[in-house]
Amino acid sequence: MSIMMSELSWDEYQRRIRDDAIVLLPVGAVEQHGHHLPLGTDWMMATYMARRAAENVNGIVAAPISYGYRSQVRTGGGAHQCGTTNLDGGTLINLVKDVVKELARHGARKIAVIDGHFENRFYLDEACFLAIRELQWAGIEDARILKMIYAEKISDETMEKVYAGGDYPGLDLEHGGILETAMMLYCYPDLVHLDRVKDEPLPEFPPYDMFPGNPDWVPTSGALSSGKLATAEKGKLLVEEFVATVTESLRREFRNPA
Ligand SMILES: [Zn+2]
């Protein structure tokens with residue numbers, strides 16, 4: 001039987017939920033990632049991670065939330081390129097809160113929100129907090145949500161191998177850079193066009209933001225660092241480490257309560 005909620009009939013889904021399956025909700029973004037990566041990079045990677053982890057814990061992947069909080073100039077290149085399709089913060093909070101409450105209404109008690117877009121972070125915190133509070137008010141006291149950015153932690157060993165021959169630009173500048181390019185090469189090779197990577201100088205951002213954002217701050221490609229040194233092997237290292245981290249986190253919180 002599929003582990004993707006969207007591929008299950010209602011009664012199959014109900015059976016899985018009643019078996020106390022962990023339900024993973026991927027949240028991403030639709031955002032430019034340079035000339036070489038697709039607009040769906042963030043939600044596709046979040047969904048990939050959720051699917052792989054769900055396989056390990058016999059969980060279910062809820063239909064993903066593809067859109068995310070607005071792209072920021074200094075971390076995602078901003079919103080000036082065509083295709084970067086943002087939600088307002090309040091919309092994302094309400095969207096995730098509603099979906100989580102619906103999952104719980106149908107019986108899910110172990111819910112994991114898997115984030116693939118850095119800028120979603122605090123909005124997802126708020127959505128999870130409000131969802132739990134409203135569920136408690138409604139008398140559902142035993143629902144719990146684990147929320148994580150799948151790429152929260154990278155081991156030194158993997159970092160050394162991934163950045164061999166190049167410099168780590170810092171996580172903020174890793175937009176469309178080696179990490180994302182390598183992971184996409186491993187997971188969705190047909191959607192990556194390495195020959196289109198532009199090797200532009202790293203942007204030098206001031207220590208503040210401007211509203212409206214200034215497109216001149218951002219390299220013309222939209223990627224904040226170069227993905228030129230990305231390979232599928234590096235992607236495999238990263239992805240398998242992240243899958244293991246997500247899986248371990250789910251097992252720790254939902255299968256072995258202290
Ligand atoms: Zn991204």
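As the structure lists them, so they are numbered: ligands from 1, and atoms in each ligand from 1. Just so you know, these numbers use all the heavy atoms, side chains as well, and skip hydrogens, waters and symmetry mates.
- Among the backbone and side-chain atoms of Glu31, no N/O/S atom is found under 2.8 Å from the Zn ion (ligand 1).
- In summary, His33 places an N/O/S atom under 2.8 Å from the Zn ion (ligand 1), meeting the contact criterion.
- Under the 3.5 Å distance criterion, with hydrogens and angles disregarded, a donor-acceptor pair is assigned to the side chains of Ser155 and Glu241.
- When only modelled atom types and interatomic distance are considered, Glu200 and Ser221 share a side-chain donor-acceptor pair under 3.5 Å.
- With no hydrogens or angles considered, a side-chain donor-acceptor pair links His33 and Asp42 at under 3.5 Å.
- The atom of Asp42 that is an N, O or S and sits closest to the Zn ion (ligand 1) is OD1.
- Summary: OE2 is the N/O/S atom of Glu180 found nearest to the Zn ion (ligand 1).
- Using modelled atom types, one finds no donor on one side chain facing an acceptor on the other under 3.5 Å when comparing His175 with Thr75.
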